[in-house]
Structure formats: structure tokens, C-alpha cells
Number of protein chains: 2
Amino acid sequence: MLDTFRAHVLKYVTVDEATIAAAGSFFQVKKFRKKENLLSEGQLARYNYFIAAGCVRKYFINNKGQEQTTDFAIENWWMTDLAAFWGQGKTEINIQAVEPTTVLMIDRQNLQRLFAAHPFMESYFRQIYQKAYAAAENRIRYLYEFSREELYLHFYRQFPEFTRRVPQYLLASYLGFTPEYLSEIKRKLES
Amino acid sequence: MLDTFRAHVLKYVTVDEATIAAAGSFFQVKKFRKKENLLSEGQLARYNYFIAAGCVRKYFINNKGQEQTTDFAIENWWMTDLAAFWGQGKTEINIQAVEPTTVLMIDRQNLQRLFAAHPFMESYFRQIYQKAYAAAENRIRYLYEFSREELYLHFYRQFPEFTRRVPQYLLASYLGFTPEYLSEIKRKLES
DNA sequence: CGGATCGTTGATCAACTTCAACGGTCGTGG
DNA sequence: CCACGACCGTTGAAGTTGATCAACGATCCG
């Protein structure tokens, strides 16, 4: 499990094997079953999760009482409620395994110790967040530029395998429209 | 001008005056007039900008040929096209001064030298991007949860002074709807 | 085999856009 | 400092996009 993490870190920083192994010892490994929650609304967001295998989604309950999926994360992505993890408040979001999932997890105190002990991790996370921020900005752009139908097409082209990996009602939720409308789009595209 | 930067850095890291002054020497100061562009579509994104005074916006030309504003930045915010700044491609976005604006700017090579010379800047930027990413995630949540009318109300309550600081057609563009509809919302809220 | 869950279809409805026109105001050149 | 033009905000009518609701068929899983 640490192999996935090791490979990912090496994409961003140059560091020797002993050091990276030492950094790895700050994490715990944990497995979750399908539909099990890594984090639930109202809890403290104690951990930051690195997805080593599987797939999770982030969702919240909107003002109509429905689950609104805002993010998916697969292998090599980090996932948590950042604001709640670094602040002290309770989270308003849920993180749930969509598939059987294995994570590396670390709490705030250990992450701070890790930064102090291994400065290369500060650089690694600087780059991770930089990239995640750029991706979020891109996503906001698409939300502005594209109609719902175009959002679906764009997603479908960019992540064809992903479209098959998650159920359609979750995909519709993530794209910001109803499952009924997704049906309609698909019918239109087929004809 | 460096005072604004100094104060902002000290909110995130602990570092002595001499070191922070040394880090400051990596930046150039530049002023822009209202409506002047810091960065234009098709150019290389050479610089990362720290807004020391004033206000800028980020926008792109959408597939209907209209300017779509995606971000504002005021004092103490960083602004650039991150993907183009760190990659080698040309930018597809524009950054324009909404008010007379003073920035500190730094190119990629100097920023990398700065990281190497002063590791605390790596920690500073890690935290800046972490915060920016959390803010972007929040914004995505609002885009999903709120109607256009609620988006306006939410923005109006969170940044009342900002609503007066920028022209309404830019605000409408940022919120993702037409100036006409903003007029309608305001009329409804007044009555 | 039976029940729950998922995807589909069609009708109706609400949110928001588009287009065209008008009045006010701001800034610029004379 | 005034006059003119450009730009900005507003209004109303008509048109789209996507949501909601209800019902049905298919499929998955126990």
C-alpha cells in the first residue's frame, strides 16, 4: 500500500528511499467497504486521506434534503474536508466509499510533525494543493461555460472509464442535474 | 508596498525580519491603471501576482463571445493562471485591473530560487494554496446548492462593500447570470 | 421468487436567457 | 465647463433549459 504513495511522492519531489520510508511511517492504513463512510456530517474531520486503491465520493445534504455529490477521488488523490481538518469546527460533509477502498490516513498533529521532520513533504503538499486548486478553478470555468449537456459530454470524453465505474444517479448528482435529465441527454445523443 | 506582503506572510509563518526582507527582494513592484491587463489570452503567463493594493478580475471569452468573469482578487490575494504559469503553454484567460492596482510580481525561475533559498516560503505557499483550494471547493458547493438569486444574496451578505466596489455587470458575470436578471432580482428584493 | 433499487418516459412548471428599447450618467474633447 | 457620445442599468415580452412529479420496466440481490 505504501508503494502507491511512494510512487506518487516521487512524481513531485526528489528524495531517497530511507527518507520516504520514514515519512511513510507517519501514516496508518485502513480499508473501507462499499458504501461505508470515511467521514460523516457532524463529526470532527480528524484525518486527511490518501486513496491508495478504490474510489470515494464527497457529498452533502442540500436544502431539499437530497445528497449532492461534489467530488470523486480515485487512486492517488487526497481527500478530506480541508476547512474542518485544519480548523476546529465539525464537518458538514460526508465522504463515502463508492467501491472497496484502501487509504493511508494521517491526523493533523502527525501531519504537522511530518512537515517539521521532513520538509520535502511541505513541498509535496504545496504542489498537490497547487494542482488541486488549478483543477478546481478549471472546474468552475466549465460550470460557467457549459450547459448541462455539454458538461456531461465533456466529462464523458475526459473520463470514459469513470462513466462506467460509478452509477448514473451519482454521476448526474456530480454534474449538477437530475437522473431524469441525464436519461434525456443520453437518448438525444444516441439518435 | 512590501509591508502588505510582509504582514501577510507573518500570518502564516514565523520568520525574522531580515529573512523576510531577503525574500521580498525576489519580487518586482508594478502598477497598473484601471482596465489595463496584467495578462492577456495567448500570452505566456510569466508572473505570479500578489495584489498589494487595488482589485483585479480574471475572465475568459466564452463560446458565445462574451467576457465571463471567474474571479476577483483584492489586497492580499495571489493571482495568475496557475496551469500556464507552471506549465509551458499559453494562457487562455485574461487578468485585468478593475481599479488602479499595485502588485508584487515574480516569475517562475525566481519563485523556484526563492523556494530553494527560503524554505519558509514553501510552507507559506502550501498554506495559501490549501486555503485557496478550500475556498474553491466551497464555491463549487454554492454553485450546486444555490439558485442564482440565492447566490447573489449570499455574496451580498458576505461581501457588502464589494458589491459597491465593482460595476454590476461584472458582478452578474461573476455570479453566472445576466445583468438583466440581476436587475430583476434587486427589484424583487426591494419590494 | 419477491422486493428494493435504478433507469426511463412523458407532462407540466419554474428559473433564467435573449432581444429590443429607453433613460440616466459618466468621462472626454472641444 | 459644457455638450456629446458611449456605456450602464432597467423594463417587458417571448423563448429555452432543466426541474419536478408520477408511473412503469428492468435488473440486481437476497
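Every chain is numbered from 1, with letters handed out A, B, ... down the list of sequences.
- The aromatic ring centres of B:Phe115 and B:Phe125 sit less than 6.0 Å apart.
- Summarising the geometry, the separation between NZ on B:Lys35 and P on C:dT28 is reported as 10 Å, rounded to the nearest angstrom.
- The 5' end of DNA chain C is approached more closely, in terms of each residue's nearest nucleotide, by A:Ser183 than by the other of A:Ser183 and B:Ser147.
- OP1 or OP2 of D:dT20 sits under 4.0 Å from a side-chain N or O of A:Lys64.
- Straight-line distance from the CG atom of B:Leu182 to the P atom of D:dC8: 14 Å, rounded to whole Å.
- Of the listed nucleotides (D:dA19, D:dT10, C:dG7), D:dA19 has the atom at the smallest distance from the side chain of A:Phe177.
- Between the OH atom of B:Tyr169 and the P atom of D:dC7 there is a distance of 10 Å, rounded to whole Å.
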Are any protein N/O atoms closer than 3.5 Å to N/O atoms in nucleotides 22-30 of chain D? If there are, list each pair with its distance.
none

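- In this structure, the ring of A:Tyr133 has its center no less than 6.0 angstrom from the ring center of A:Tyr129.
- Atom C1' of nucleotide D:dG18 and atom OH of B:Tyr144 are separated by 15 Å, given to the nearest angstrom.
- Between A:Leu175 atom CG and D:dG18 atom P there is a gap of 12 Å when expressed in whole angstrom units.
- Phosphate proximity of D:dA19 to A:Thr178: present, with a side-chain N or O under 4.0 Å from OP1 or OP2.
- Between the side chains of A:Arg141 and B:Thr70, no donor-acceptor pair is found at a separation under 3.5 Å.
- In this model, the phosphate group of D:dT10 is not approached by any side-chain N or O of B:Arg187 to a distance below 4.0 Å at OP1 or OP2.
- Atom pair B:Leu189:CG and D:dT10:P shows a separation of 12 Å (rounding to whole Å applied).
- Both tests do not hold together for B:Arg46 against B:Trp86: distance to the six-membered ring centre under 6.0 Å, angle to the ring axis within 45°.
- Straight-line distance from the CD atom of A:Gln66 to the C1' atom of D:dC21: 12 Å, rounded to whole Å.
- Here the two rings, on A:Phe155 and A:Tyr174, have centers that are under 6.0 Å apart.
- The separation between A:Arg148 atom CZ and D:dT17 atom P is 13 Å, rounded to whole Å.
- A ring-centre distance under 6.0 Å is not found for B:Phe27 and B:Phe50.
- A:Arg126 and A:Gln130 form a side-chain donor-acceptor contact under 3.5 Å, judged by distance and modelled atom types alone.
- When heavy atoms are screened at a 4.0 angstrom cut-off, B:Tyr181 is found touching base atoms of the nucleic acid.
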